[in-house]
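Take a look at the structure below.
Owing to the predicted nature of the structure, the values given are computational and were not obtained by experimental measurement. What you see below is based on every heavy atom in this structure, not just the backbone, and it leaves out hydrogens, waters and symmetry mates.
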Amino acid sequence: MTIETLIPVAYLIAAITFILGLKGLSSPTTAVQGNRIAAGGMLIAVIATFFAADVKGGVPIILAGIAVGGVAGFAGARMVKMTAMPQMVALFNGAGGGAAALVAILEFARNVDAGSLEFGPTLATLLALIIGAVSFSGSAVAFGKLQGLITPKAFRYSSQQLVTGGIAAATLLLSLVLLASAFFGAVNVPAMFLIALITLLALAFGIALVMPIGGADMPVVISLLNAYTGLAVAMAGFTLNNQLLIVAGTLVGASGTILTRLMSKAMNRSLGNVLFGAFGAATTASGAAASAGLEGRSIRSIGPEDAAILLSYAQNVIVVPGYGLAVAQAQHSVRELADLLESKGISVKYAIHPVAGRMPGHMNVLLAEANVPYDKLFDMDQINPEFQRADVALVIGANDVTNPAARSNPGSPIYGMPILDVDKAQNIIVIKRSMKPGFAGIDNDLYLDPKTAMLFGDAKEAVGKVVQELKKAA
Ligand code: NAP
């Protein structure tokens, strides 16, 4: 028995760790451990791959690649701010898709050189190439939009559908020519020329697909592209005859698809609407109008002292965190506030909306960073019935996820989106900097509710001031 015969065993162990890792990621309490288990499995798989006969010659270049990628990935992940995480994911995801496409090109080059274009492998390699290239260029555009390098507005022009459809049709046609030549064993097609054209068209298709989508919808798009990358990697697995790539790619493809579905559902939008509905474009335009709509209407503004009094007389407080809490990095101040209230015998719970913030689990990660106990975090369905018993709902940098228009106004872009029933609380304190709208660019009638008091300011500073007031009163 050679060491090479043990490679499939190592791959099997790695595949099991990936599944255990994903299972661990399904709960905040086990997420870190799950991540470590899967990373350990990946390490086993990489080490095992070094012993494969066809890899041995390339060890130095692979090590160089691991060093460059490892350092860039480690430094990037360490330095990136939590609010910039979606674009970081876009970047990493694009790298995965691009890698699958490069593997496909090299495999084509090898097979064309050897004069052996067979139908089955050609189909798998072609899919790895096309899906990988679409994911690469699409992710690059998503990154550019989120990073502000490209305008985040939905980019539209009159013959857009024709152009995008034309690119897709041309890609399909050239792919069929390549597949037919592989099927009939015809050798006189310029295969590498066709592959170069297909690559360019797939890259163009990725750009054409993502450019018309508003920056606001990018997290959903990234999740979808993530699923594409998984598929591309699985296809590259077929090409290279590597079972682990097939398993890992399929897991990524499936989980990316499920996540995309969950995000669309939590925003009450179909995937088709995200891809072709230009929500971002509409909302950017309506943003100004929406904020103008609230101007001049009566709102109640309070200071930190009043907020502290209201909170200290409460028995049940529900904290509703949102994107603004992430921007302000107010999680530690919020934890301090909750500790203070709890020391006075006040119950404090956190209401977590599935799409609060800008990426799935955004609020969970932030609050975990401040060591907020997991058992104080409640999902929307669990916490909604409790709002009517809450003396104070403390909304910190959340907007759309609290907007009652989602329940009551059929004309609203977020109509039908499940929301946190903040308006049912006895008193509501909203901390934000201004009357400006949130992500969806629309008014929030919650701010006009007589039960609502607005505490204007940066979330971290405002919560800090409330903490000071509470301490003074103690
Ligand atoms: P939101 O509706 O975007 O509102 C965030 C609010 O935070 C803003 O109104 C802003 O008001 C305030 N804010 C910003 N910086 C602040 C600061 N430094 N201090 C205090 N407040 C600050 O956020 P959300 O309620 O969390 O809703 C999330 C939205 O993102 C939803 O529409 C959801 O559909 C969308 N989305 C989420 C995901 C996801 O995966 N989580 C993905 C795609 C889209 P001021 O400017 O007045 O301060």
Intermediate values then yes/no, side chain to side chain contact (heavy atoms under 4.5 Å, CB included), His353 and His362: CA-CA 10 Å; His353 190 282; His362 204 165; over 6 Å; no
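- Annotation for Phe74: atom CZ does not count as buried by contact number, only 12 or fewer foreign heavy atoms lying within 6.0 Å.
- More than 12 heavy atoms of other shown residues, nucleotides or ligands fall within 6.0 angstrom of atom CD in Glu342.
- Using a 4.5 Å heavy-atom threshold, the side chains of Leu394 and Val320 count as separate.
- In the displayed structure, Tyr313 atom OH is contacted under 6.0 Å by at most 12 heavy atoms of other residues, nucleotides or ligands.
- Between Leu129 and Leu127, the closest side-chain pair of non-hydrogen atoms is not below 4.5 Å.
- Between Pro450 and Arg300 there is no side-chain heavy-atom pair separated by less than 4.5 Å.
- Taking the side chain as every heavy atom from C-beta outward, Met380 and Pro354 approach each other to under 4.5 Å.
- Closest non-hydrogen pair, Met263 versus Pro360, comes out as SD-CG, 3.6 Å.
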So Lys344 and Leu470, side chain to side chain contact (heavy atoms under 4.5 Å, CB included) or not? Walk me through it. CA-CA 10 Å; Lys344 291 171 184 283; Leu470 279 171; 4.1 Å; yes
Could you go through the side chain to side chain donor-acceptor pair (under 3.5 Å) check for Thr49 and Tyr11 one step at a time? CA-CA 9 Å; Thr49 306; Tyr11 283 176; 2.8 Å; yes
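- Using a 4.5 Å heavy-atom cutoff, the side chains of Arg358 and Phe439 are in contact.
- Side-chain atoms of Val89 and Asn226, non-hydrogen and from C-beta on, never get closer than 4.5 Å to each other.
- With hydrogens and angles disregarded, no donor-acceptor distance shorter than 3.5 Å links the side chain of Ser264 to the backbone of Ser270.
- Contact detail for Ser301 and Phe456: the closest heavy-atom pair is OG-CD1, 3.9 Å.
- When atom types are taken as modelled, the side chain of Lys451 and the backbone of Asp423 share a donor-acceptor pair closer than 3.5 angstrom.
- Looking only at distances, no side-chain donor or acceptor of Ser412 sits under 3.5 Å from a matching main-chain atom of Asn409.
- Taken to the nearest 0.5 Å, the CD atom of Gln315 stands 6.0 Å off from the CG atom of Asp391.
- Between Glu369 and Arg335, no side-chain nitrogen of the basic residue sits less than 4.0 Å from a carboxylate oxygen of the acidic one, so the salt-bridge criterion is not met.
- Considering every non-hydrogen atom in both Ile222 and Ala142, the closest pair reads CG1-CB, 3.9 Å.
- Between the side chain of Lys145 and the backbone N or O of Met211, at least one donor-acceptor pair lies under 3.5 Å.
- Side-chain contact between Val317 and Lys349 is absent, with no heavy atoms from C-beta onward closer than 4.5 Å.
- Remark: Phe238 CZ to Leu245 CG distance equals 11.0 Å, nearest 0.5 Å.
- Cation-pi geometry between Lys424 and Phe387 is not met at under 6.0 angstrom from the ring centre and within 45 degrees of the axis.
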Between Ile431 and Val395, is a side chain to side chain contact (heavy atoms under 4.5 Å, CB included) present by the stated rule, with each step listed? CA-CA 6 Å; Ile431 299 181; Val395 180; over 6 Å; no
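- In this view, Leu310 and Val392, Asn427, Ile429 satisfy the side-chain contact (heavy atoms from CB on, under 4.5 Å) rule, not counting sequence neighbours.
- Panel note: side chain Thr257, backbone Gly253; a donor-acceptor pair is recorded below 3.5 Å.
- Closest of all the heavy-atom pairs between Ser333 and Gly464 is CB-N, 4.5 Å.
- Between the CD1 atom of Ile47 and the CD1 atom of Ile7 there is a distance of 12.0 Å, given to the nearest 0.5 Å.
- Residue Gln161 qualifies as open at atom CD: its count of foreign heavy atoms under 6.0 Å is 12 or below.
- Side chain of Asn444 to backbone of Tyr447: no donor-acceptor contact under 3.5 angstrom is found.
- Within the model, atoms CG of Leu455 and CD1 of Ile396 stand 9.5 Å from one another, a figure rounded to the nearest 0.5 Å.
- Although no hydrogens or angles enter the test, the distance criterion places a donor-acceptor pair under 3.5 Å between the side chain of Asn403 and the main chain of Ala405.
- Side chain of Gln426 to backbone of Gln388: a donor-acceptor contact under 3.5 angstrom is found.
- Looking at heavy atoms from C-beta onward, Phe18 lies out of side-chain contact with Ile37 at the 4.5 angstrom threshold.
- Taking NZ of Lys472 as the start and CD of Gln468 as the end, the distance is 8.0 Å to the nearest 0.5 Å.
- Not one N or O on the side chain of Glu461 forms a donor-acceptor pair closer than 3.5 Å with the backbone of Asp458.
- The two residues Ile414 and Ala406 come nearest to each other via the heavy atoms O-CB, 3.4 Å.
- Smallest separation of non-hydrogen atoms from Leu203 and Ala133: CD2-O, 3.5 Å.
- Heavy atoms of other residues, nucleotides or ligands lying less than 6.0 angstrom from CD of Glu386 number more than 12.
- Between atom OG of residue Ser223 and atom CZ of residue Arg261 there is a gap of 12.0 Å, rounded to the nearest 0.5 Å.
- A side-chain donor-acceptor contact under 3.5 Å links Thr229 to the backbone of Leu225.
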Could you check Val430 against Ile428 for side chain to side chain contact (heavy atoms under 4.5 Å, CB included), going step by step and ending with a plain yes or no? CA-CA 6 Å; Val430 176; Ile428 303 142; 3.9 Å; yes
